[in-house]
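As structure tokens, the structure follows; a few thoughts come after it.
Just so you know, residue 1 is the first one in the sequence shown, and it goes up from there.
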Amino acid sequence: MRGFLLVLCATAAIAPALADEMVHYGPPPEWVEVYDAADIGKDKTSSIALLDMQQRIEDGLLTVYLDNAVRLSSPEALTMAGTSAAIWFPDKGDLTVHRVEILRGDETIDVLAGGNRYSVLRRELGLEQRMLDGSLTATLAIPGLRVGDIIRISYSQTSRDAALQGQVENASLLLAAPIEAEFGRVRASWPVDEKVAWRAGPAVDGVVETTARGMHTIALALPLAKREDMPGDAPSRYTRPPILQLGTFEDWPQVSRIFAPLYRDEAMFAEGKALLAAEIRKIEAASADPLARATLATKLVQDQVSYLAVGMNGGNYVPQAPTRTWEMRYGDCKAKTVLLLMLLDALGIESEPLLVNTRFGDGIPDMLPMAGVFDHVIVHATIAGRSYWLDGTSTGVTPGNIADTPAFHYGLPLRPEGAGLLAIEPRLPTEPAQEIEIVFDESGGVDLPAIATFRLRHRGALASMLTALDKGASDEQRKSLVESAIGQIYRNVALFETAIIRDEDAQTVTIEGKGLISPPWSTEDGRRVQKLDVLPSTHLDFDHDRARPAWREIPVDLGAPELQVVRFDVILPEGEDGYVLRGRTEIDESFPGMRIARKVTLADGRLGAEERVEVLGGEIAPADIPAGKAAAAKISASAPSLLAPQNAARRWEYARPALRRRVAPYEKAYAAAIARDPEPARNWINRASFRKGILDLEGALADMNEAIKRDPSAENYGSRSNVQKLLGNHEAALADHRKAFELAPSANHAISLATALGMAGKPDEAMALIDEYDDYGTNHEYFEMARAEVLAFNGKGIEGLALVDALVSERPDQAHRLNGSCWYRARFGVGGDDMMRICNEAVEKARNPGQVLDSRALAFLQSGDFARARDDANAALLIYPLQYQTRFVRAFALRALADPKGTEELRYLSRHLPGLADEYARYGLKP
């Protein structure tokens with residue numbers, strides 16, 4: 001329960017403290033109110049039976065008494081509680097164990113009475129985290145424990161930290177529901193003539209104060225009531241765990257005065273300056289500009305001194321000397337801060353240490369003044385009247401980011417005369433930590449994949465981290481790193497070129513990747529449209545919720561200021577004029593917490609866009625949230641998009657020689673992707689899909705053959721069967737259907753195989769398969785349609801029609817069943833008397849009439865109404881322009897209307913989609 005904030009560079013005294021390396025044993029202090037074991041409920045169920053913490057402050061000494069009892073209700077609990085552990089800090093106080101008892105029914109077993117004692121492990125607890133805090137660990141394996149026992153352990157610890165110069169401080173975490181305890185409390189006392197302050201929060205009620213026999217006491221029952229849920233974007237002063245603070249510091253200036261001498265000792269500085277004289281001269285020779293010198297000094301500390309927390313022998317608060325830090329080339333935040341202060345002093349730059357809290361900084365003004373509320377120390381430098389916040393434990397400082405502000409909110413300057421809290425006002429970065437450049441080469445056309453190039457330029461700490469990763473990475477690890485970084489910007493990129501480029505002079509690391517992405521275009525009213533959704537403003541997140549009454553006064557925490565710059569270019573097809581920009585191409589809007597500037601241009605076959613998003617940091621007042629939401633929604637709604645011309649080349653036209661030249665760069669790109677990763681089937685499947693789309697069916701088949709060699713899955717056999725069918729390789733398509741069904745005998749594969757068997761003139765086998773797999777449940781209607789098709793393909797269209805009509809009669813409200821009936825009648829020449837009525841009804845009831853219009857177009861065609869067939873086909877193609885079946889229907893209609901375009905299109909479609917031509921021939925429509 002102790003040590004909520006007492007972690008300076010992860011080394012402050014937060015655990016039991018000892019004056020020697022022995023565990024002491026004895027009774028509790030006289031002032032402790034020992035909880036009676038008889039009051040511990042033997043028939044209760046809470047895992048925590050007792051949680052008692054009592055503290056006393058007297059004459060500069062802190063004593064903490066802890067008494068815990070845990071119910072071992074399961075084998076897992078038995079395992080967890082089977083070994084008791086204590087952490088030792090030999091330089092600060094004693095730890096005395098009072099009891100280790102097993103409560104079993106009415107029996108109390110004294111574990112210590114049998115001679116059992118804690119064993120000291122000579123090992124640093126935090127060694128793996130590069131922390132040396134002077135702690136040792138003692139353990140006791142508790143013998144004889146059983147499920148159902150209650151284990152009770154109590155001890156007291158004393159602490160007197162010389163660095164506090166007689167002052168005392170402590171912070172205790174206050175447990176809250178839904179954690180349960182049969183009895184819990186925290187209690188603290190001190191002589192009435194001592195100036196001890198206390199504070200419990202946030203939102204802690206129920207503390208009882210009493211004065212008796214010269215002692216002032218506060219007490220609070222635990223656990224606390226369940227806390228009110230808080231919004232995730234609330235400042236930490238609303239969300240941090242509740243704590244009880246005790247301290248004897250008068251105010252923040254007293255804390256500042258006590259700790260200031262630890263960070264500025266003239267003799268210590270003089271020794272350090274002499275040791276680092278050569279480094280100081282290098283910095284002075286590099287530049288006369290104080291800001292440049294401060295940058296170089298900070299970089300020296302960041303790069304040349306590794307992080308290792310040293311907290312032994314008073315080191316929880318006392319930094320090591322700069323000479324030792326430089327000689328050993330390691331140190332924690334305190335050591336690095338002192339070293340940097342010494343360098344800046346030698347360079348004539350005004351600076352001071354600044355204590356900060358990295359997690360709960362905005363809540364510091366609500367806390368008691370004490371050193372333990374801080375967990376980090378940095379340097380506050382003043383250059384030309386401007387504040388700079390320099391952190392020796394960070395990495396990647398550059399002239400472009402040295403002025404950036406951390407999200408610490410407040411800090412305490414350490415000055416000999418003392419100082420109050422200093423607000424760290426957020427300041428927008430002068431350059432982005434990550435700059436994004438994206439180019440989509442869409443010169444192939446609006447239906448083809450784009451060849452995308454990504455450049456992610458990193459600065460500062462990100463660049464330092466990437467440099468370290470790159471230097472130690474294998475080629476495969478570098479590829480994975482690039483893929484991961486680009487995947488966070490844009491999903492599903494099939495990369496075929498990757499690189500990590502380090503620029504030592506510019507202090508940047510650039511991740512580059514080139515790959516293929518799915519066509520970034522969608523269809524709206526028959527036109528191709530590309531939303532520029534790689535721009536940050538197209539998906540602004542300003543969803544700050546303050547609807548609950550308890551939240552209405554809580555501001556929004558924006559964190560540290562951020563700057564994001566995105567540049568996006570699109571290379572459009574050569575010779576295709578008429579591309580149009582829509583939306584707001586230029587904006588410069590500011591609203592609470594943010595500013596967005598955008599500029600988009602379109603000229604000479606190239607779109608260029610740049611967007612700058614500034615997150616200003618700090619907090620947004622609740623009253624400003626509605627205005628911010630409205631502004632963000634307006635900006636998102638104004639997102640620019642690109643409208644393709646009506647005559648833009650479409651993928652079904654790419655079998656024509658005039659457009660084939662556009663394909664060459666894509667073939668090269670897919671070949672590169674396959675060469676980069678030849679074994680997995682994915683890249684072969686991707687190229688097969690591309691080739692199928694541009695009607696290179698032979699190429700698609702070759703790729704699917706390779707894919708199946710690498711991944712002979714049902715899905716891949718199913719995909720190849722579709723290619724075989726389009727090519728007119730019906731026997732091969734049937735064989736692939738069989739293999740897919742063999743690998744995954746699902747309802748879908750059964751229906752596909754049965755239909756293929758029916759088309760191949762194998763009705764008995766098809767019907768047997770349907771009968772075996774028809775579940776007469778969710779998929780029954782689809783099995784019935786398959787039965788009808790098998791019958792029709794084998795000269796029994798009227799029998800099949802009865803099955804179709806039965807489905808419609810069962811659910812006449814369902815448009816897809818009406819559509820199936822329309823499509824069946826039109827293909828197989830049955831039920832012509834009411835065909836158009838059913839087709840019209842299907843169109844009227846359809847939510848999306850694209851496929852229904854295609855069915856009715858065929859019905860009009862078969863009934864001789866060629867003009868209406870053409871019109872329905874045109875309407876369907878506006879919705880689903882890639883439906884090749886509809887293109888066949890329209891071509892038949894145009895030919896019947898004596899339009900030469902029909903004959904030419906039928907010739908083109910039949911040559912490149914021979915399987916579809918065969919299918920329409922079955923329906924009496926020969927190209």
- Message: Whether Arg738 and Glu742 form a salt bridge (side-chain N of Lys/Arg under 4.0 Å from carboxylate O of Asp/Glu) is what I want to check.
- Response: no

- Charged N to carboxylate O below 4.0 Å: is that the case for Asp703 and Arg691? yes

- Is the count of non-hydrogen atoms from other residues, nucleotides or ligands lying under 6.0 Å from Arg868 atom CZ greater than 12? no

- Task: Kindly indicate whether the side chain of Met704, heavy atoms from C-beta on, has any atom under 4.5 Å from the side chain of Trp684.
- Result: no

- Item | Donor-acceptor contact present, side-chain Arg787 to main-chain Ala766, <3.5 Å | no

- Task: First locate atom OG of Ser636, then atom CZ of Phe542, and finally report the distance between them rounded to the nearest 0.5 Å.
- Result: 11.5 Å

- Message: Main chain of Pro449, side chain of Tyr666: is a donor-acceptor contact present, judged purely on distance under 3.5 Å?
- Response: yes

- Face-on cation placement of Arg660 at Tyr654 ring, 6.0 Å and 45° thresholds: no

- Task: Can you see which heavy atom on Ala747 is nearest to which on Asn779, and at what distance?
- Result: CB-ND2, 3.6 Å

- Item | Geometric class of the Phe568/Phe440 ring pair [parallel <30°, tilted 30-60°, perpendicular >60°] | perpendicular

- Message: Please tell me whether Trp521 and Glu442 have a donor and an acceptor in their side chains that are separated by less than 3.5 angstrom.
- Response: yes

- Item | salt bridge (Lys or Arg N to Asp or Glu O under 4.0 Å) between Arg895 and Glu905, intermediate numbers included | CA-CA 9 Å; Arg895 185 177 67 178; Glu905 188 163 353; over 6 Å; no

- Just by modelled atom types, is the Gln885 backbone N or O under 3.5 Å from a matching donor or acceptor in the Tyr920 side chain? yes

- Message: Checking the side chain of Arg856 only, and the main-chain atoms of Val852 only, is there a donor and an acceptor separated by less than 3.5 Å?
- Response: no

- Message: When you compare the side chain of Trp652 with that of Asp447, does any pair of heavy atoms fall below 4.5 Å?
- Response: yes

- Item | Within 6.0 Å of CG in Asp525, more than 12 heavy atoms from elsewhere | no

- Query: Checking side chain to side chain contact (heavy atoms under 4.5 Å, CB included) against Leu818, which of Arg837, Arg811, Glu841 comes through?
  - Reply: Glu841

- Query: Is there a side chain to side chain contact (heavy atoms under 4.5 Å, CB included) between Ile685 and Asn716 once you walk through the steps?
  - Reply: CA-CA 8 Å; Ile685 295 169; Asn716 286 342; 3.3 Å; yes

- Task: In plain terms, say whether Arg890 and Asp872 are close enough for a salt bridge, that is, a side-chain N and a carboxylate O under 4.0 Å apart.
- Result: no

- Query: Are any non-hydrogen side-chain atoms of Ile694 and Leu448 less than 4.5 angstrom apart?
  - Reply: yes

- Query: Going by heavy atoms in the side chains, are His737 and His749 under 4.5 Å from each other?
  - Reply: no

- Message: Could you check whether Glu524 pairs with Arg527 (Lys NZ or Arg NE/NH1/NH2 to Asp/Glu carboxylate O, under 4.0 Å)?
- Response: no

- Message: Quick one: does any side-chain atom of Arg887 pair with a main-chain N or O of Pro881 as donor and acceptor, under 3.5 Å?
- Response: yes

- Does Phe860 offer a backbone N or O that forms a donor-acceptor pair with the side chain of Ser863 under 3.5 Å? yes

- Item | 4.5 Å side-chain heavy-atom contact, Ile489 and Ile438 | yes

- Task: Determine whether the side chains of Thr886 and Asp854 contain a donor N or O and an acceptor N or O closer than 3.5 Å.
- Result: yes

- Message: Run the side-chain hydrogen bond (donor to acceptor under 3.5 Å, both in side chains) test against Gln862 and tell me which residues pass, sequence neighbours left out.
- Response: none

- Message: Under a 4.0 Å threshold between the charged nitrogen and the carboxylate oxygen, would Lys479 count as salt-bridged to Glu497?
- Response: no

- Task: List in chain and number order the residues that pass side-chain contact (heavy atoms from CB on, under 4.5 Å) with Asp441, two or more places apart in sequence or in another chain; answer none if no residue qualifies.
- Result: Ser443, Ile451, Ile571

- Might you confirm whether atom CG of Asn492 has over 12 heavy atoms from other residues, nucleotides or ligands at distances under 6.0 Å? no

- Crowding at NZ, Lys796 (>12 non-hydrogen neighbours, <6.0 Å): no

- Less than 4.0 Å between a side-chain N and a carboxylate O, is that true for Asp736 and Lys739? no

- Note on the structure: So CG of Leu642 and CZ of Arg582: to nearest 0.5 Å the spacing works out to 9.0 Å

- Query: Are any of the side-chain nitrogens in Arg907 or Glu904 under 4.0 Å away from the carboxylate oxygens of its partner?
  - Reply: no

- Query: Looking at Lys901 and Asp899, does any basic side-chain N land under 4.0 Å from a carboxylate oxygen?
  - Reply: no

- Does CG in Asp833 sit with more than 12 non-hydrogen atoms of other residues, nucleotides or ligands closer than 6.0 Å? no

- Message: Using only atom types and a distance under 3.5 Å, with no angle test, would you say the side chain of Glu781 pairs donor to acceptor with the backbone of Leu807?
- Response: no

- Short question: side chain of Asp533, backbone of Thr538 - any donor-acceptor pair under 3.5 Å? no

- Point-to-point distance, once rounded to the nearest 0.5 Å, from CD of Glu667 to CZ of Arg662: 15.5 Å

- Cut-off 3.5 Å, side chains only: do Glu611 and Ser537 have a donor facing an acceptor? yes

- Message: Would the distance check show the side chain of Lys514 and the main-chain N or O of Thr498 forming a donor-acceptor pair, the cut-off being under 3.5 Å?
- Response: no

- Message: I'd like to check Arg682 versus Asp677 (side-chain heavy atoms, cut-off strictly below 4.5 Å). Are they in contact?
- Response: yes

- Task: Give a yes or no answer on whether the side chain of Glu653 reaches the backbone of Arg650 with a donor-acceptor pair at less than 3.5 Å.
- Result: yes

